[in-house]
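So that the names make sense, note that chain A is the first sequence line, chain B the second, and so on, each numbered from 1.
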Amino acid sequence: MSTRAQRLALALFCAGALLPGSGVYAAGTAGKPAIHHVVIEGLKNEPETLTVKRGDTVIWTNKDPFPHTVTAPGKFDSHDIPAGGSWKYVARVAGDYPYICTLHSNMKGMLRVE
Amino acid sequence: MKNIGIVLASALFLAAGSVAAQAPNDAQIAHIVVTANQVDIDAGKLAEKMGSTKAVRDFGKQMVTDHSGVNKQAVALVTKLKVTPEDNPTSQALKSGGEENVKNLKTLKGKAFDKAYIDHEVAYHQQVLDAVDKTLLPSAKNEELKALITKVRPAFVAHLEHAKMLQSKM
């Protein structure tokens, strides 16, 4: 039993080592699109800069008590995300997307799609 | 119009001065936070209806939404902490200054209304930020109350910048 368990552990370890990026949360490198989260709180996007792979999904969740927007002019626009609400965006095209909140000019963020 | 601004600034300054001499307790700070928000909600409601441009009406609407959101959270916090907000000279000065402002705004129309409202918003947000930095944050004892004020402070900065931007176009 213990030998089998050891073999299984070894097999899993090797499989993990062979898969680039495996074990890295939401890396999206194993071919399957990943889901990333950005938390908006205290008028800050956390993380402020997020790098994702094409096809990945990004979910912004607004933890402030009033609405915010996630707006990359001409590229994407969440419109008002209410307090406690969230907005989902599927990143399909590679590039750097600096974004703002149209309601609060002191908020900013960056989405990098590789 | 200018007089109103000066009266408001003086009221807040005097209030802040008297408070600085005797630091407010958490129950008073909670009352100041709720009153400061309510004063701006009342002016915003008027601007939503009376603003002569979409930019001014939208700004008024946003003030109502944002400050109502802050108050909802402030009320939830004091309820959780079992604190009863306590009236105090700063709250009273804010309230009477707000009433004076609304009374003045109701006599105005069109561009004159826009200018008076926005000028007041610039002065008001600046004064509230000063009160937050010089009195409320240094005096607050409860960590959650302090955290709430810290968390919403950047919104007041954004409102101030937004109001200044509108002011510069008048």
Between these two chains, chain B and chain A, I want each donor-acceptor atom pair under 3.5 angstrom written on its own line with its distance.
unit_1	atom_1	unit_2	atom_2	d
B/Gln62	NE2	A/Leu103	O	3.0
B/Gln62	NE2	A/His104	NE2	3.4
B/Asp66	OD2	A/His104	NE2	2.7
B/Lys151	NZ	A/Glu41	OE2	3.3
B/Lys151	NZ	A/Lys63	O	3.3
B/Pro154	O	A/Asn106	ND2	3.0

Query raised in the report: Judged by atom type as modelled, is there a donor-acceptor pair below 3.5 Å linking the side chain of B/Asp26 to the main-chain atoms of B/Asn142?
Result: yes
Report task. Start with the C-alpha gap between A/Val70 and A/Ile81, add the side-chain angles, then the distance that decides, and say whether side chain to side chain contact (heavy atoms under 4.5 Å, CB included) holds. Result -> CA-CA 8 Å; A/Val70 171; A/Ile81 305 171; 3.9 Å; yes
Query raised in the report: Is the side chain of B/Thr107 donor-acceptor paired with the backbone N or O of B/Asn104 at a distance under 3.5 Å, no angle test?
Result: yes
Query raised in the report: Are the side chain of B/Ser139 and the backbone N or O of B/Thr135 linked by a donor-acceptor pair below 3.5 Å?
Result: yes
Query raised in the report: What distance separates B/Leu77 CG from B/Leu148 CG, expressed to the nearest 0.5 Å?
Result: 6.0 Å
Query raised in the report: Short question: side chain of B/Tyr124, backbone of B/Ala36 - any donor-acceptor pair under 3.5 Å?
Result: yes
